[in-house]
Amino acid sequence: MATSATISTDETQPASGLTVTPLTGSIGAQIEGVDLSCDLSPGIARQIREAFAKYFVLVFRNAKPATAEAQLRLAALFGEPQPLAVFQFLGAHQPAIKFAPQSRVVESNDPAAPKPAAAIKREDLRGIAISGEFDGWHSDSTFTPFLPRAAVLRAEVIPPVGGDTSFSSLCAAYDALSPTMQAWLADIKAVHIVPEGFKEGINLPLYGPDAEERFDAEYPPREWPLIITHPETGRKALFINPGYVVHLVGLKRAESHALIRLLCRHVASTSFVYRHHWQAGDLVVWDELTALHRAPDDFAPHDRKVVRITAGRTVPTAPGSGG
Ligand code: SIN
């Protein structure tokens with residue numbers, strides 16, 4: 001069991017009426033005292049961003065008001081609200097994506113970022129994905145050339161049972177590794193791919209008859225550093241997720257698979273996890289780069305509907321690479 005507790009839990013920071021109360025020893029803080037019905041003052045905006053850099057997940061409980069406008073205002077603190085890279089490439093303009101019971105995406109033409117060299121052919125990776133073993137832990141679409149900086153979730157329909165969203169700190173997971181393992185992983189790159197079922201999940205035919213061909217050409221396997229730095233604090237993070245990572249470059253297939261499984265089990269440890277139980281009026285922001293998230297699958301036969309807005313663009317960057 002990991003022992004690293006990276007946040008002092010007795011900390012509450014009253015300033016300009018805003019309070020920040022940690023929710024676990026490693027990830028998550030509840031924010032109170034922010035009026036999201038109007039533009040935020042620079043001071044409040046700065047404090048929210050500072051809390052975000054420190055806690056990775058911010059819960060605005062009983063946000064008044066927890067409207068779509070408040071959600072968008074909050075998202076805009078972390079960059080321009082925009083759809084995930086895949087939806088931009090396919091043609092979406094709308095920043096919000098609805099989950100359960102329906103999804104919604106539309107046409108757009110965002111300029112595509114530079115394509116990476118494909119280190120490994122997609123067919124070599126078939127059958128390696130291990131996501132099923134780890135219950136859906138992921139960062140969003142890490143096979144794309146950039147990630148959103150933040151996501152904000154608002155629940156429109158909360159089931160009477162189940163329905164919690166979970167988050168894991170990749171910085172706390174890195175800190176808890178032994179120095180030997182940290183040093184050994186330092187220069188390794190991980191290969192991220194479009195996982196099985198992803199294309200079906202986003203209903204590619206909606207985007208035209210050539211959508212699948214365009215999508216496949218745009219998204220070959222992509223390499224990212226396994227150890228990255230937090231863009232604001234410089235903390236190191238273990239950038240792995242069972243949803244998309246299928247290979248560690250330079251290792252034999254069996255070695256790679258065993259290590260990925262070990263690291264994915266590590267990041268899913270309850271030591272680094274905050275589990276959010278939704279209440280009416282909640283808005284939850286999370287870091288798409290140095291936190292993983294997991295949607296629930298435990299609320300059937302009840303309905304659940306959440307709306308997500310993603311904002312900003314970021315790229316996973318290895319320590320010392322200056323990016
Ligand atoms: C998501 O994966 O973005 C949604 C999380 C949730 O449904 O709780």
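Counting starts at 1 for both ligands and their atoms, in listed order. Keep in mind that the numbers below use all heavy atoms, side chains included, and drop hydrogens, waters and symmetry copies. Please read these numbers as outputs of a predicted model, since none were measured by experiment.
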Colleague: For Arg294, which part has a heavy atom under 4.0 Å from ligand 1: side chain, backbone, both, or neither?
Modeller: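 None of Arg294 does.
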
Colleague: List the steps, then state whether ring-ring contact (aromatic ring centres under 6.0 Å, His included) holds for Phe56 with His293.
Modeller: CA-CA 11 Å; Phe56 316 106; His293 61 281; over 10 Å; no

Colleague: Please verify whether a non-hydrogen atom of His276 lies at under 4.0 Å from ligand 1.
Modeller: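 So His276 does not count as touching ligand 1.
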
Colleague: Hey, do the aromatic rings of Phe143 and Phe198 have their centres closer than 6.0 Å?
Modeller: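 Judged by ring-centre distance (under 6.0 Å), Phe143 and Phe198 do meet the cut-off.
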
Colleague: Which of the numbered atoms in ligand 1 are under 4.0 angstrom from any heavy atom belonging to Val306?
Modeller: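 Listed by number with element: 7 (O).
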
Colleague: Is there a path of hydrophobic side-chain contacts, each under 4.5 Å between heavy atoms, that joins Leu251 and Ile227?
Modeller: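 Yes, same cluster.
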
Colleague: Out of all atoms in ligand 1, which are within 4.0 Å of some heavy atom of Thr165? Include the element for each.
Modeller: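 Listed by number with element, the hits are 5 (C), 6 (C), 8 (O).
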
Colleague: Which of the numbered atoms in ligand 1 are below 4.0 angstrom from a heavy atom of His293?
Modeller: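 Result: 1 (C), 2 (O), 3 (O).
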
Colleague: Ion pair present between Arg294 and Asp140, side-chain N to carboxylate O less than 4.0 angstrom?
Modeller: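 Looking at Arg294 and Asp140, the cut-off is not met.
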
Colleague: I need the contact type for Ala151 against ligand 1. Using non-hydrogen atoms and a strict under-4.0 Å cut-off, is it side chain, backbone, both or neither?
Modeller: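 It is neither part, as no heavy atom is under 4.0 Å.
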
Colleague: Would you say ligand 1 has an N or O under 3.5 Å from any N or O of Trp278?
Modeller: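 No; every N/O pair is 3.5 Å or more apart.
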
Colleague: Any salt bridge linking Glu69 with Arg73? Criterion: basic side-chain nitrogen under 4.0 Å from a carboxylate oxygen.
Modeller: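 Answer for the salt bridge query: no.
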
Colleague: I want to check a possible cation-pi pair here: Arg149 against Phe78, using under 6.0 Å from ring centre and within 45° of the ring axis as the test.
Modeller: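 Geometry flag: not set, cation outside 6.0 Å or 45°.
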
Colleague: Could you list which atoms of ligand 1 come closer than 4.0 Å to a heavy atom of Leu153?
Modeller: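 Answer for ligand 1: 5 (C), 6 (C), 8 (O).
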
Colleague: Quick check on contacts: which atoms of ligand 1 are under 4.0 angstrom from a heavy atom of Trp286?
Modeller: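 It comes down to these atoms of ligand 1: 3 (O).
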
Colleague: Might you work through the ring-ring contact (aromatic ring centres under 6.0 Å, His included) test for Tyr219 and Phe215, ending with a clear yes or no?
Modeller: CA-CA 6 Å; Tyr219 297 118; Phe215 187 94; 4.9 Å; yes

